[in-house]
S.K.: 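Input: one structure, supplied below.
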Protein chains: 2
Amino acid sequence: MTGPRLTRLAQTLPSDVPFIGPEEQERTMGRPFRARIGANESVFGPSPRAVEALSAAAPEAWMYSDASNHELIAALAEHMDARPENIVVGAGIDGLLGVLVRVLVEPGDAVVTTNGAYPTFNYHVTGFGGVLHKVPFREDREDLPALFAKAAEVDAKIVYMSNPDNPMGSWWTGREIEEALDLIPDGTLFLLDEAYIEFAPEGTAPRIDPEDPRVIRTRTFSKAHGLAAMRVGYACAAAPLIKAFDKVRDHFGMTRPGQEAALASLNDKVWLEEVRAEAAKSKARIAKIAEANGLTPLPSATNFVAIDCGRDGAFAKAILDALVARGVFVRMPFAEPQNRCIRVSCGSPQDLDVFAEVLPHAIEDAKAAQAG
Amino acid sequence: MTGPRLTRLAQTLPSDVPFIGPEEQERTMGRPFRARIGANESVFGPSPRAVEALSAAAPEAWMYSDASNHELIAALAEHMDARPENIVVGAGIDGLLGVLVRVLVEPGDAVVTTNGAYPTFNYHVTGFGGVLHKVPFREDREDLPALFAKAAEVDAKIVYMSNPDNPMGSWWTGREIEEALDLIPDGTLFLLDEAYIEFAPEGTAPRIDPEDPRVIRTRTFSKAHGLAAMRVGYACAAAPLIKAFDKVRDHFGMTRPGQEAALASLNDKVWLEEVRAEAAKSKARIAKIAEANGLTPLPSATNFVAIDCGRDGAFAKAILDALVARGVFVRMPFAEPQNRCIRVSCGSPQDLDVFAEVLPHAIEDAKAAQAG
């Protein structure tokens with residue numbers, strides 16, 4: 001009996017996971033985290049209107065969702081100052097990235113990103129046989145001109161940038177991005193991931209004609225809207241590219257409660273303002289805790305703070321490991337020299353009490369480990 | 001400005017949809033359906049425990065789901081008399097089919113199915129460049145020996161069969177399938193889609209060693225469990241194949257409320273029994289309505305009834321169109337000669353009142369159309 005025959009590409013892929021989830025870490029440790037501030041989730045929760053929509057939709061869970069995402073797309077089109085033909089809804093930005101890479105990237109195609117930027121994008125590129133070309137961060141910011149120059153050099157199908165950036169929290173102004181657009185090489189798609197845009201200062205989002213064929217932007221209900229569990233993201237781009245998603249997307253793949261919660265959340269501007277205010281307070285406190293421990297918080301336009309631990313990647317990793325071992329779920333950048341930092345998501349006051357309590361011990365642990 | 005460059009494969013794919021959803025039809029008609037009995041959804045709804053789980057999970061929607069699906073997989077492993085390593089959870093069977101085809105089928109690879117069987121499977125195969133080879137139904141049942149013979153002839157990577165069958169409602173006994181397994185060619189994976197198995201007579205599910213490398217079976221919470229909106233399906237197969245899903249799946253792609261509702265539903269045997277009883281009653285009434293109108297209901301091991309309209313595909317299509325125009329959402333088989341039927345899903349007594357009221361008029365409309 002022969003087993004099934006994987007594709008040549010699948011044979012080369014590891015059965016790896018871009019991220020280990022906190023639940024898996026909790027099972028390994030045998031106890032729950034005391035503070036869950038590692039995945040840039042919104043601990044402030046979903047809008048009360050979204051919670052209401054989720055509960056109201058529960059008895060209707062027997063019905064497949066609207067495969068056209070009609071109402072949500074109409075609302076998002078208005079939100080993005082675009083036409084419905086410019087919007088596609090998908091299972092989070094992760095899901096949308098998978099579909100986008102699938103329709104654009106075939107084995108051997110070049111794709112450009114920043115070394116240490118969003119790993120799940122890289123996972124999709126590799127998963128479809130694309131070849132990643134990585135540009136370093138420049139002063140902890142994604143290097144926009146270098147990204148476009150590299151894209152020209154390797155004839156990239158896609159060049160990826162998140163703005164504001166994950167994992168560093170840095171950002172370009174909208175105007176700077178607008179001015180750089182003419183550097184996009186012919187035939188390269190600029191994938192602008194705006195997962196954290198709701199937390200950024202006014203003017204961080206560039207004004208781009210939705211019909212500009214050079215750009216696609218992705219956004220999500222997983223971050224500021226506090227609906228990570230519901231898998232709702234969207235992309236805005238020229239109509240022909242949006243239509244290409246229909247070639248391969250899972251048409252009935254959205255959940256109905258997710259659609260309804262997203263719509264309710266989009267209409268709750270008051271909640272979004274509260275979340276922004278809470279996130280700002282939380283970031284200020286994270287910065288204060290870092291400074292009180294002799295570490296350097298970096299400026300952030302997101303809902304997390306990258307904290308420079310002042311030494312090398314091994315030291316930051318030791319602090320991170322000690323935080324995790326002591327019940328604080330945090331993450332850190334993967335690439336040098338950004339891996340001198342740990343990344344702490346906004347938390348509730350209680351979460352940050354735990355962080356403040358544990359961090360000095362974690363630093364001691366790390367120093368002891370390095371000294372030993 | 002050049003637009004993005006699609007892959008050669010994507011350029012050949014239409015921006016088509018395997019199914020038009022009922023909401024889209026309602027928008028086109030400008031009014032809601034009076035009876036939604038076309039998508040084999042469970043109008044009897046989710047288990048009250050699942051509804052409770054959905055509502056309870058709503059405030060926690062800010063947390064990404066457990067990427068390992070640990071608890072749900074543990075429960076499903078027990079349910080399937082398998083190990084957790086034999087189970088993968090995905091965004092409905094549709095989502096799982098997409099991942100499975102992706103890791104097995106590359107452009108030009110042969111895949112075998114029945115002409116007129118589940119179109120979304122075909123959509124995925126075509127979407128990854130596979131070549132479909134179709135075997136006809138035999139007496140309205142998928143032709144198991146012919147499927148395996150064709151798989152041997154074309155050296156298929158996958159041979160697909162649903163049991164019980166959609167859209168005909170027919171089935172093989174578990175013993176018949178067990179006896180046929182030795183006909184599976186070396187290197188071909190037998191994909192046994194058991195979406196409707198909970199409705200089938202005892203003994204319809206074959207006993208297959210989960211570690212048998214020749215077989216993968218798929219099941220869902222979308223049908224008997226009444227959770228279509230939540231996108232929860234699972235597959236059971238040998239551990240190496242299950243592990244291959246981790247190469248490309250969207251690890252954080254499940255919704256947390258969906259995981260919890262599925263778990264609650266799996267543990268509610270009483271509700272499942274009620275749904276089975278309601279479905280049996282509903283099928284009996286659909287059959288009676290069909291007979292009262294001179295049509296022939298076919299035996300069904302599912303939650304729908306294929307009704308033989310007694311003439312050709314055009315006549316059945318005319319009846320279907322008239323039903324839809326009169327507010328009854330139903331569907332029909334795509335391929336000859338099964339397209340002499342319409343397919344009516346189990347409905348509530350109120351749904352079937354509407355069906356009973358409308359069907360005679362729909363038949364008149366169709367006869368008039370054919371006479372004209």
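Please read all numbers here as calculations on a predicted model, not as lab measurements. Lettering of chains follows the sequences in order, A, B, ..., and the numbering in each one begins at 1.
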S.K.: Donor-acceptor pair, B/Arg102 side chain versus A/Thr7 backbone, under 3.5 Å?
M.R.: no
S.K.: Between B/Lys247 and A/Pro14 (side chain of the first, backbone of the second, donor and acceptor by atom type, cut-off under 3.5 Å), is there such a pair?
M.R.: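 No.
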S.K.: May I ask you to name which of A/Val43, A/Thr126, A/Leu9, A/Leu97 has the most heavy-atom pairs under 4.5 Å with chain B?
M.R.: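 Of the options given, most contacts go to A/Val43.
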S.K.: When rounded to the nearest 0.5 angstrom, what is the spacing between CG in A/Leu13 and CG in B/Asp246?
M.R.: 12.0 Å
S.K.: Heavy-atom pairs under 4.5 Å with chain A - which of B/Pro257, B/Gly253, B/Ala238, B/Gly258 has more of them than the others?
M.R.: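 Winner by heavy-atom pair count: B/Gly253.
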S.K.: For the residue pair B/Leu227 and A/Trp62, establish whether any side-chain heavy-atom pair is separated by less than 4.5 Å.
M.R.: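 No - every pair of side-chain heavy atoms lies 4.5 Å or more apart.
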S.K.: Between A/Ala91, A/Gly21, A/Ala67, A/Pro46, who has the most heavy-atom pairs with chain B when the cutoff is under 4.5 Å?
M.R.: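 Top option by heavy-atom pairs under 4.5 Å: A/Pro46.
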S.K.: Side chains of B/Glu60 and A/Val51, heavy atoms from C-beta outward: is any pair under 4.5 Å?
M.R.: no
S.K.: Below 4.5 Å, heavy-atom pairs only: which of A/Asp250, A/Leu189, A/Val103, A/Ile216 has the largest tally toward chain B?
M.R.: A/Val103
S.K.: What part of A/Phe128 gets closer than 4.5 Å to chain B, counting heavy atoms only: side chain, backbone, both or neither?
M.R.: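 Both the backbone and the side chain of A/Phe128 come within 4.5 Å of chain B.
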S.K.: Are the side chain of B/Lys157 and the backbone N or O of A/Pro4 linked by a donor-acceptor pair below 3.5 Å?
M.R.: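 A pair under 3.5 Å: no.
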S.K.: Could you work out, with side-chain contact (heavy atoms from CB on, under 4.5 Å) as the rule, every residue matching B/Glu24, not counting sequence neighbours?
M.R.: A/Ser68, B/Ile20, B/Arg27
S.K.: With only heavy atoms counted, which part of A/Phe190 is less than 4.5 Å from chain B, the side chain, the backbone, both or neither?
M.R.: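 It is neither, since no heavy atom gets under 4.5 Å.
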S.K.: What residue, out of A/Met230, A/Glu41, A/Arg256, has the most heavy-atom pairs lying under 4.5 Å from chain B?
M.R.: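 Top option by heavy-atom pairs under 4.5 Å: A/Glu41.
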S.K.: Measuring from B/Arg249:CZ to A/Ser15:OG, what's the distance to the nearest 0.5 Å?
M.R.: 10.0 Å
S.K.: Which atoms of B/Phe19 come close to chain A, meaning under 4.5 Å heavy atom to heavy atom: side chain ones, backbone ones, both, or neither?
M.R.: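 Both the backbone and the side chain of B/Phe19 come within 4.5 Å of chain A.
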S.K.: Please rank A/Ala244, A/Ala61, A/Ser42 by heavy-atom pairs under 4.5 Å with chain B and give me the top one.
M.R.: A/Ala61
S.K.: Measuring heavy-atom distances to chain B, does A/Ala156 have an atom under 4.5 Å in its side chain, in its backbone, in both, or in neither?
M.R.: backbone
S.K.: Would you kindly check if the NZ (Lys) or CZ (Arg) of B/Arg231 is within the cone defined by 45 degrees around the ring axis of A/Tyr64 and under 6.0 Å from the six-membered ring centre?
M.R.: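 B/Arg231 over A/Tyr64 ring: no.
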S.K.: Crowded around B/Glu85 CD? As in, over 12 foreign heavy atoms under 6.0 Å?
M.R.: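 Yes, the 6.0 Å shell around CD holds more than 12 heavy atoms from other groups.
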S.K.: Are B/Leu54 and A/Leu54 side-chain neighbours, meaning at least one heavy-atom pair lies under 4.5 Å?
M.R.: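 A side-chain contact under 4.5 Å is absent here.
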S.K.: Between A/Asp155 and chain B, with a heavy-atom cut-off of 4.5 Å, which part of the residue counts as in contact: side chain, backbone, both or neither?
M.R.: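 The answer is both parts of A/Asp155.
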S.K.: Quick one: what part of B/Phe44 sits under 4.5 Å from any heavy atom of chain A, side chain, backbone, both or neither?
M.R.: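 Neither part.
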S.K.: Do A/Arg5 and B/Asp186 meet the salt-bridge criterion of a basic N to acidic O distance under 4.0 Å?
M.R.: no
S.K.: Could you tell me which of B/Phe245, B/Phe252, B/Phe221 has the largest number of non-hydrogen atom pairs under 4.5 Å with chain A?
M.R.: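 The candidate making the most pairs under 4.5 Å is B/Phe252.
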S.K.: Answer whether the closest heavy-atom distance between the side chains of B/Glu23 and A/Ser65 falls below 4.5 Å.
M.R.: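 Of all side-chain heavy-atom pairs linking A/Ser65 with B/Glu23, none is under 4.5 Å.
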S.K.: With sequence neighbours excluded, tell me which residues meet side-chain contact (heavy atoms from CB on, under 4.5 Å) with B/Tyr123.
M.R.: A/His251, B/Pro18
S.K.: Under a 4.5 Å heavy-atom cutoff, which of A/Ser55, A/Ala10, A/Gly127, A/Gly187 has the most pairs with chain B?
M.R.: A/Gly187
S.K.: Pick one of side chain, backbone, both or neither for A/Gln259, based on which atoms fall under 4.5 Å of a heavy atom in chain B.
M.R.: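 The answer is neither part of A/Gln259.
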